[in-house]
Structure formats: C-alpha cells, structure tokens
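Quick note: numbers below take in every heavy atom, side chains included, and nothing from hydrogens, waters or symmetry partners. Lettering of chains follows the sequences in order, A, B, ..., and the numbering in each one begins at 1.
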Number of protein chains: 2
Amino acid sequence: MPLNNNQNNAPAVHRAIDIIEFISSSQREVSFSEIVESLDIPRQSLIRILNALCDRGFLDKSGQRGLYRIGLKFLYLGHGLPDKYEFRTVAWKYMKELSQKTLKTIELSSLDRDQLILLEQIRGQEEMSLYSRVGSVIPYLHAVSVGKVYLSLMDEDKRRRVIGKIGLPAVTKYTITDTKRLEDEIRETQKRGYGFEDQELREGVRRVAAPVFNADGKHVGCIGLSATVFSFGLDELDRYGQMVLDAAGKTSAELRQISQHSL
Amino acid sequence: MPLNNNQNNAPAVHRAIDIIEFISSSQREVSFSEIVESLDIPRQSLIRILNALCDRGFLDKSGQRGLYRIGLKFLYLGHGLPDKYEFRTVAWKYMKELSQKTLKTIELSSLDRDQLILLEQIRGQEEMSLYSRVGSVIPYLHAVSVGKVYLSLMDEDKRRRVIGKIGLPAVTKYTITDTKRLEDEIRETQKRGYGFEDQELREGVRRVAAPVFNADGKHVGCIGLSATVFSFGLDELDRYGQMVLDAAGKTSAELRQISQHSL
DNA sequence: ATTTTTAGTACCATATTTGGTATATAATTT
DNA sequence: AAATTATATACCAAATATGGTACTAAAAAT
C-alpha cells in the first residue's frame, strides 16, 4: 500500500500530506524528531518538505521552541469553501430560522468520500460538549440520522458498498448493529422523509435530519437538529422532524429557483 | 524568484501549493486546462499532482463535469486550529460577553507573516456585508485598528520593515497615507491602549481593538469591535474602547493564570 | 561551564521522478 | 452520428530530486 509501483504518484506531495495529517492528528505542536520517527521519511527529505510547507504558510514554526504546527493558511482555505459548495449559503438562512425557533443545535452535513462531514453548525442553548467541530467526519452512517437519510436515498449497490466498508459497529449500546433492523429503519426513514437517531452515536443525544436536493434533484446534504434527551422527548419527534423537513425543503426550493434564474 | 537554484526545495510540494492557491483564488471550480495555462506546469506532472491531491481529499473533482475545487479536508484542518492557537479558546468567552453586551460584530485577529488575519468572529445584529470571512488576511496595518495596535507595540525596526513592505496605500479616502500622521496615530494608540479606525479600511465602518498578551507577555492577538458609523458614533469611542480593553485584559489575565497552573 | 541531545546544512552519486511524445478515452459540439 | 475538443494514461530517456554520510549550530541537560 505505501509503496506504489505506479509512476503516477507525486511522492513528495503524498509525503507532505502525511506530514500535515500527522501534525493535525497529534493535536499539539510537534518536534522534528517526532515526525522523523513516526513517518519513515528520511531526515533530509523531511526537512525539504517541512521548509516548503512553512514557506507557504501551510505549517508554522513560530510557536514554542520552533515546534511545528498547522499553519493559518488552512483557516483561510477552509473558510473559502462555503462560497463554492453553493448550498451552504442557501441553507444557512433556513438553519438560522430553525435555530431561532427551537434554540437547538442545527447542523448542515454532507457525504464526502463515503463519510459524513459536518459543514456548518449553529450551536444551541444547551452548553455542553455534544458538538462536534465543523469539518469533522463520521464514517458510521448507520448510527446517525444524517447517515440514515443518505442510506435511504442511495441505490442498493452503493448502500451495500458503503456499509460493507465499515460494517455496523456498535458506537453506543443503542446503535443498530443488525442488518435486518437497519433495513427496517431505512424503510421507515424513506416513509417519513426524515432520519432519526436515538442515542445511537452518543448517549444522551437525539437527532433528526432531512435531505437537501440541488436543482438537478441530486441529494447534496442534510439539515439536522440535535438535542439532549432532556430537551428532546420522543413525543416531540414528529414536530422536530417536520421542522427539519420544512427547512430542508425550503432550501431545495431556493436552489431550484436560483438555477432557473441563471439559465 | 520562481527558479530556486538551491536544492532544498521540494518542487512538487511547491507546485501542489501553487495549484491549491490558484484554485482557491479563482473562487470557482476550474478545469484542467485552465490550470495548465495559468501555472506553467507540464501536463503530465500536473496530472500526477492533481491525482495525489484528490486522492487525499485536498482537492475534489466530484462536482460539475469533473472540474477541480478545494476539498473538504481544508474544512477539517482549518477548524482544528483553534485548539492549538490556545488563546482563541480563552478569548472566545470574553468575545461572547462583549457580543451580548453590545450586539456589535466582535473579532479576534492576529499577525501572521506580516499580515493581519481574522481568527474568529461573532457577527453582530447589523446584517450587512461589513464582515470579512474568517481566515482572510489584510496587509494594510496602517488602515485597521488592529494593525495600529500591532504597530504601536512592535519595536522601531520591525515597524519600519512591515510598513516598508507595502507602504501606506489609500484603501479609502479616509486612510492615513502620511508617515507623520501615522506616527502621531501610533503614539495616540500607545497612550490609549486601544486602536481606532474611522472608515480607513471600509467606508461607513468604524472599529476599535485592544491587545491580548500571553503568559510570557508576548502580544499574540487583538480583540476588536466593528460597527457602522450609524450605530458607532464618535462620542461612543471611549466607551467601546474601554470595553475591548476590558475583554482583552481579562483574556490576558486568564492566559497568565492557565500557565501558572501548568507549572 | 561542559556535555548531550536535537535541529538543520553541505555535498554528491544514484535512483527516481519527471516530462517529452504518442495514444486512449471521455465529453462536447457540429 | 461523426468530428472535435478536453482529459487522462503509457512509455521511456534524461534530468533532477533524493537521501546517504559527514559536519555545523543551537538548545537542553548535566
């Protein structure tokens, strides 16, 4: 796997990305030797790549003792995305509405490389650490409302492939780990139009999510609502479900309109 | 400049970054040929690098017609930063306080590679496009409250170097373009402790900003407040100035405390 | 102050990436 | 449906980035 015999490779680029990911995952500033030891890149080559990344602002060693950390360039590049993934800007408006009405945490997610990614988030009243950070990814489609929506809308083949990739691991004791039950759940999701998750990803947290479609009718993301079990009772499920459906529906409608105008 | 004779270079990495910056700056999805024409990288080499960047999620071509755009990986890496640039999390608390008290736009900025960078932002009541996006950089230290604070706290040498780099261009008709006047302004900033800018970067917008210091006494950033001229009268200058000074002061104090505990 | 560890530079032969050309495949236009 | 354009792959000789080794400089640790 690491040794790719194919010459369409750009090894220096892969190494650079390995370095960036290593530093990012270590969640703190790291020293040169830590990188050498962890990454199996020769010293000399490593230095060259580190210098290049620092020169361009992708890494930064102006902090403590010249240790390396992720550069602020990523802040810029990360925040430049909203403009390009167009539906983010449109969805934002309706997410805000939802947030004001419910005071719950509202999230916009999408599927990227077979993983769920959190694109945007408006934090709710409840000050607790149920929030993931924007940009974080979750591979467990079977354990999240958003994931269930995605599964319910993909064709049989893709669904099997995506699930086959990681299986149905139990994230909490409530996670669905049985194929039959998941199939039922997916059918239920198709019927309702929105996805629901009851502490299956994190104990004490419930979520609902509804799909956003672009002008071509392609499913591009989900608007979701999260809350603790204390403030999101099971009797409120349909109320919140309808609310996310409404917000997602409005977003899809606006996306259709926009593309008509631009014809 | 582009041809570096030195062998500590990692050209493939520089090329990869050129590509990423080109795509990011074009503010839309770009085709292969656009990149070839703009960047002077041979086709074959370009493809190799593009493939590497796509494989790793730094670029994405799943959008329209297989055009290239910035990948969602940057979202993740960008949002991972707050944890590492420690003062962001501490400042956030006091920024929120300020935001609730004033309903104005509150911003946290820093200096990175001689440019001001917007690290964090809480949008105010006024729904208008005075907001820059998080991660955006401004080289005009002389035209922004935050920049004036930075200038007022750096030693003579660095100040001259930073200003020498871009001079004193007029961004609006109110921008200070005269060295003498800037020096006066810097002295005034030193006296007051906070920086002020009156439509010098954007017409109709006023800003104040105060410095945050880390436990070692190093100036690491500024907490600022922005508003339109309609909601930020000149008679309110000192009131808002004192408020940002207060928020920044509390942040610095907490940074000192944290480092004491960890001894 | 001295030693030890760590980070980075210089040098250079070799192996590897690189980038021509030709070719294949997909998308778009006529 | 055929022609044209755009994008990507295959191949291979040449050039160049790579990564040994040896050396320097700067921090930590003693």
Side-chain angles (χ1 to χ4, degrees), chain A residues 1-20 22-23 26 28-56 58-71 216 218 263, chain B residues 1-20 22-23 26 28-56 58-71 216 218 259 262-263:
Chain A
M1 215 79 130
L3 283 168
N4 200 328
N5 47 352
N6 167 335
Q7 60 268 61
N8 278 33
N9 218 317
V13 176
H14 277 286
R15 284 177 167 180
I17 295 174
D18 287 337
I19 293 166
I20 290 165
F22 171 72
I23 295 176
S26 77
R28 57 190 173 74
E29 311 189 350
V30 300
S31 68
F32 178 81
S33 23
E34 281 180 276
I35 307 175
V36 169
E37 281 157 31
S38 313
L39 288 188
D40 185 47
I41 299 173
R43 307 179 74 79
Q44 182 64 6
S45 311
L46 181 58
I47 287 186
R48 269 194 282 258
I49 297 170
L50 286 173
N51 282 337
L53 292 173
C54 287
D55 286 351
R56 307 295 294 268
F58 275 55
L59 292 181
D60 177 291
K61 61 170 171 178
S62 61
Q64 294 283 69
R65 297 197 317 131
L67 299 178
Y68 293 92
R69 57 181 176 179
I70 299 296
D216 305 328
K218 193 190 158 205
L263 284 182
Chain B
M1 216 84 125
L3 285 169
N4 199 327
N5 48 352
N6 166 337
Q7 60 267 62
N8 280 32
N9 219 318
V13 176
H14 277 285
R15 282 176 167 180
I17 295 175
D18 287 337
I19 294 166
I20 289 165
F22 171 71
I23 295 176
S26 79
R28 56 188 174 76
E29 312 190 350
V30 300
S31 67
F32 178 82
S33 23
E34 280 180 275
I35 307 175
V36 170
E37 281 157 29
S38 313
L39 287 189
D40 183 48
I41 298 174
R43 307 181 75 78
Q44 181 66 5
S45 310
L46 181 57
I47 287 187
R48 270 196 279 258
I49 296 171
L50 286 173
N51 282 338
L53 292 172
C54 288
D55 286 350
R56 307 294 295 267
F58 275 54
L59 292 180
D60 177 292
K61 63 170 168 179
S62 61
Q64 294 281 72
R65 297 195 316 132
L67 300 178
Y68 293 91
R69 58 180 176 181
I70 300 295
D216 305 330
K218 194 189 159 204
S259 86
S262 66
L263 286 181

Across all chains, not counting sequence neighbours, the side-chain hydrogen bond (donor to acceptor under 3.5 Å, both in side chains) partners of A:Asp18 are B:Arg56
Just N and O in the side chain of [X]: are any of them under 4.0 Å from OP1 or OP2 of [N]?
X       : N     : result
A:Tyr68 : C:dG8 : yes
A:Ser33 : C:dA7 : yes
A:Ser31 : C:dT6 : no

Take the protein atom [atom1] of [X] and the nucleotide atom [atom2] of [N], then report the distance between them rounded to whole Å.
X       : N      : atom1 : atom2 : answer
A:Phe32 : C:dT5  : CZ    : C1'   : 14 Å
A:Ile49 : D:dT18 : CD1   : C1'   : 10 Å
A:Glu34 : C:dG8  : CD    : C1'   : 17 Å
B:Leu50 : D:dT9  : CG    : C1'   : 14 Å
B:His14 : D:dT16 : NE2   : P     : 17 Å
A:Ile47 : D:dA26 : CD1   : C1'   : 14 Å

Would you tabulate the nitrogen or oxygen pairs shorter than 3.5 Å linking the protein to nucleotides 27-30 of chain C?
from   : atom 1 : to      : atom 2 : distance (Å)
C:dT28 : OP1    : B:Arg65 : NH1    : 3.4

Counting heavy atoms from C-beta on, name the nucleotide in [options] closest to the side chain of [X].
X       : options                : result
A:Arg15 : D:dG19, C:dT17, C:dG19 : D:dG19
A:Lys61 : C:dT18, C:dG8, C:dG19  : C:dG8
B:Asn51 : D:dA8, D:dT9, D:dT7    : D:dT9

According to salt bridge (Lys or Arg N to Asp or Glu O under 4.0 Å), who are the partners of A:Arg15, at least two apart in sequence or on a separate chain?
none
So, using side-chain contact (heavy atoms from CB on, under 4.5 Å) as the criterion, who are the partners of B:Ser38 when residues are at least two apart?
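Testing B:Ser38 for side-chain contact (heavy atoms from CB on, under 4.5 Å), a comparison that skips the adjacent residues, returns B:Phe22.
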Check: A:Arg48 side chain, C:dG8 base, donor-acceptor under 3.5 Å
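Donor-acceptor pair under 3.5 Å: no.
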What are the atom names and distances for every N/O pair under 3.5 Å that joins the protein to nucleotides 20-23 of chain D?
none

How close do [X] and [Y] get, counting heavy atoms only, and between which atoms?
X       : Y       : answer
B:Leu53 : B:Ala16 : CD1-O, 4.0 Å
A:Asp60 : A:Cys54 : N-SG, 4.3 Å
A:Ile70 : A:Ile20 : CD1-O, 3.6 Å

End axis versus end axis in the helix from C:dA1-D:dT30 to C:dT30-D:dA1, the angle rounded to 10°, five pairs used at each terminus:
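Answer rounded to 10°: the end axes differ by 60°.
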